[in-house]
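Everything on this sheet refers to the single structure shown next.
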Amino acid sequence: MFTRGSLIRGWFTGATVFTCFTFGDYLSAHYFHDSKIPWIISVLIAIAICWSARGALRQLR
């Protein structure tokens, strides 16, 4: 069922993943000569942010 809480959880997760991936790609292209290391680090950061916020976001109904 689609609720406000599920909308907020989806928005938070999508925005976090998009922001981290885009920032990692930007850093990779402009400062690390297209290395994949910043992108991989940004993936790990996105996972950590989403994982740590999961408990608080579950309380939303």
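None of these values were measured; they are calculated from a predicted model. In this chain, numbering begins with 1 at the start of the sequence shown.
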field: For Ile45, all residues meeting side chain to side chain contact (heavy atoms under 4.5 Å, CB included), sequence neighbours excluded
entry: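 Only Cys20, Ile41, Ile49 meet the side chain to side chain contact (heavy atoms under 4.5 Å, CB included) criterion with Ile45.
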task: Write out all pairs satisfying ring pair (Phe, Tyr, Trp, His ring centres under 6.0 Å) with one or both partners inside residues 35-61, taking only residues at least two apart or from two chains.
output: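 Listed once each, the pairs are Phe21-Trp39.
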Contacts under 3.5 angstrom, residues 25-37 side chains, donor-acceptor by atom type, not counting sequence neighbours:
unit_1, atom_1, unit_2, atom_2, d
Ser28, OG, Ser35, N, 3.3
Ser28, OG, Ser35, O, 2.3
Ser35, OG, Ile37, N, 3.3

Which pairs of donor and acceptor atoms, one on a side chain in residues 4-15, lie under 3.5 Å apart (sequence neighbours left out)?
unit_1, atom_1, unit_2, atom_2, d
Ser6, OG, Thr3, N, 3.0
Ser6, OG, Thr3, O, 2.8
Arg9, NH1, Leu57, O, 3.2
Arg9, NH1, Leu60, O, 3.2
Thr13, OG1, Arg9, O, 2.9

